[in-house]
Amino acid sequence: SISEQAQVVAELITHCAIEKCFLFGHSMGGSISIELAELLGDKLSGIIVAEPNTRPGGGRLSREVCSMTEEEFIRSGYQQMIAAESSPWAGSLAISSPRAVWRSAASLIAGKQWLDALIALPVRKQIVFGEYSLPSEDMDKAVRSQLPYHVLKECGHLMAYEDPHTLAQVLSAFLSL
């Protein structure tokens, strides 16, 4: 689950005796980062997330994965999804455990109110959107909540592939504040 993945990273940070850190997460990694931020307390210096899942229901991909049972997805859906995927994400999918993909998708669908949790964090924070993902209820809520945000021009959800240089600049600027 998303919570279990956050817990594993928290345990690693504790084991490595990391006293202070920043978090960055994209998409599902953003949701994991938000839950991790809640676990880290004083160890967290700040968090920046890019188009995280923000509420129950999952995204298109999670719903597609979970339209099959876990066993159906493992038996045939996973290979069909890899064969049909033409985006750069295909490589990440191909090296993932099909069981982990299904269970992570199910956890995103079950979800939490991650945007509310991000807004409530008592640390420096920012959310990043790709221009092609707008308009967005999340962007509207970020603005209403005075959550700092950045919009990457001419990018969508795959911003790390579409414009890695500008995304790196946004991250660098956040760390430099």
Side-chain angles (χ1 to χ4, degrees), residues 1-62 87-89 91-93 95-96 104 107-108 111-177:
S1 73
I2 301 306
S3 297
E4 291 168 328
Q5 291 179 65
Q7 183 62 47
V8 167
V9 178
E11 290 170 11
L12 178 63
I13 288 170
T14 298
H15 176 78
C16 292
I18 296 171
E19 294 179 20
K20 287 294 228 183
C21 64
F22 285 91
L23 298 176
F24 169 70
H26 172 258
S27 195
M28 180 178 77
S31 306
I32 294 167
S33 294
I34 293 166
E35 290 208 21
L36 176 57
E38 294 177 313
L39 297 173
L40 291 180
D42 293 342
K43 291 181 182 180
L44 183 65
S45 297
I47 179 172
I48 183 168
V49 293
E51 296 200 7
N53 294 81
T54 58
R55 66 183 68 82
R60 178 195 57 80
L61 181 66
S62 295
S87 76
W89 186 73
S92 295
L93 179 62
I95 62 170
S96 298
S104 293
S107 183
L108 288 172
K112 293 183 179 178
Q113 295 298 329
W114 288 296
L115 185 55
D116 291 341
L118 176 64
I119 291 166
L121 288 171
V123 296
R124 192 171 51 177
K125 56 207 163 217
Q126 185 176 70
I127 189 167
V128 179
F129 299 95
E131 176 183 29
Y132 300 150
S133 298
L134 301 176
S136 159
E137 291 178 30
D138 292 339
M139 172 75 159
D140 296 342
K141 187 169 187 171
V143 170
R144 284 192 313 274
S145 302
Q146 298 181 328
L147 175 63
Y149 67 90
H150 188 91
V151 176
L152 290 181
K153 302 289 183 197
E154 299 181 13
C155 288
H157 189 70
L158 296 177
M159 62 186 69
Y161 295 104
E162 295 164 334
D163 191 355
H165 178 74
T166 303
L167 178 59
Q169 287 178 325
V170 169
L171 294 173
S172 179
F174 180 80
L175 294 172
S176 300
L177 292 175

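Each residue takes its place number in the sequence, starting with 1.
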Notebook entry, point to check: Do any N or O atoms from the side chain of Lys125 and from the backbone of Ile119 form a donor-acceptor pair under 3.5 angstrom?
Noted result: yes
Checklist line | Exercise: identify the closest heavy-atom pair between Arg124 and Leu175 | finding: NH2-O, 4.3 Å
Notebook entry, point to check: Taking it one step at a time, do Val170 and Ile48 satisfy side chain to side chain contact (heavy atoms under 4.5 Å, CB included)?
Noted result: CA-CA 9 Å; Val170 169; Ile48 183 168; 4.0 Å; yes
Next item on the list: Quick one: closest heavy-atom pair of Leu44 and Ala37, and the distance?
Entry: CD2-CB, 3.4 Å
Check: At what distance, to the nearest 0.5 angstrom, does NZ of Lys153 lie from OH of Tyr132?
Finding: 10.5 Å
Please tabulate, for side-chain N and O atoms in residues 133-143, each donor-acceptor pair with protein atoms closer than 3.5 Å (sequence neighbours left out).
| from | atom 1 | to | atom 2 | distance (Å) |
| --- | --- | --- | --- | --- |
| Ser133 | OG | Glu51 | OE1 | 3.0 |
| Ser133 | OG | Glu51 | OE2 | 2.7 |
| Ser136 | OG | Asp138 | N | 3.0 |
| Ser136 | OG | Met139 | N | 3.2 |
| Asp138 | OD1 | Thr54 | OG1 | 2.9 |
| Asp138 | OD1 | Arg55 | NH2 | 2.5 |
| Asp138 | OD2 | Thr54 | OG1 | 3.0 |
| Lys141 | NZ | Asp116 | OD1 | 2.3 |

Notebook entry, point to check: Looking only at heavy atoms, what is the nearest atom pair of Trp114 and Asn53, with distance?
Noted result: CE3-O, 3.2 Å
Checklist line | Results of salt bridge (charged side-chain N to carboxylate O under 4.0 Å, His left out) for Lys112 - residues two or more places apart only | finding: Glu35
Check: Quick one: are Ser107 and Gln5 in side-chain contact, heavy atoms under 4.5 Å?
Finding: no
Next item on the list: To the nearest 0.5 Å, tell me how far Ile47 CD1 sits from Leu40 CG.
Entry: 9.0 Å
Next item on the list: Could you tell me which non-hydrogen atom of Leu36 sits nearest to which non-hydrogen atom of Ala6, and how far apart they are?
Entry: CD1-O, 3.5 Å
Next item on the list: Take Met28 and Ile32, measure what side chain to side chain contact (heavy atoms under 4.5 Å, CB included) needs, and give me the verdict at the end.
Entry: CA-CA 6 Å; Met28 180 178 77; Ile32 294 167; 4.1 Å; yes
Check: Taking all non-hydrogen atoms of both residues, which atom of Ser33 and which atom of Leu23 are closest, and how far apart?
Finding: O-CD1, 3.4 Å
Margin query: So which atom in Leu118 and which in Leu147 form the shortest heavy-atom distance, rounded to 0.1 Å?
Written below: CD2-CD2, 3.8 Å
Check: Tell me, do Ile127 and Leu115 make a side-chain contact under 4.5 Å, heavy atoms counted?
Finding: yes
Notebook entry, point to check: Is a side-chain N or O of Ser45 found less than 3.5 angstrom from the main chain of Lys20, in a donor-acceptor match?
Noted result: no
Notebook entry, point to check: Got more than 12 heavy atoms from elsewhere within 6.0 Å of CZ, Phe22?
Noted result: yes
Next item on the list: Could you grab the distance from atom CD1 of Ile2 to atom CG of Leu108, nearest 0.5 Å is fine?
Entry: 4.0 Å
Check: Between Glu131 (side chain) and Glu154 (backbone), is there a donor-acceptor pair under 3.5 Å?
Finding: yes
For a quick test of your reading: what N or O donor-acceptor pairs under 3.5 Å do the side chains of residues 158-167 make, sequence neighbours left out?
| from | atom 1 | to | atom 2 | distance (Å) |
| --- | --- | --- | --- | --- |
| Glu162 | OE1 | Gly156 | N | 2.6 |
| Asp163 | OD1 | Thr166 | N | 3.2 |
| Asp163 | OD1 | Thr166 | OG1 | 3.1 |
| Asp163 | OD2 | Thr166 | OG1 | 2.7 |
| His165 | NE2 | Gln169 | NE2 | 3.1 |

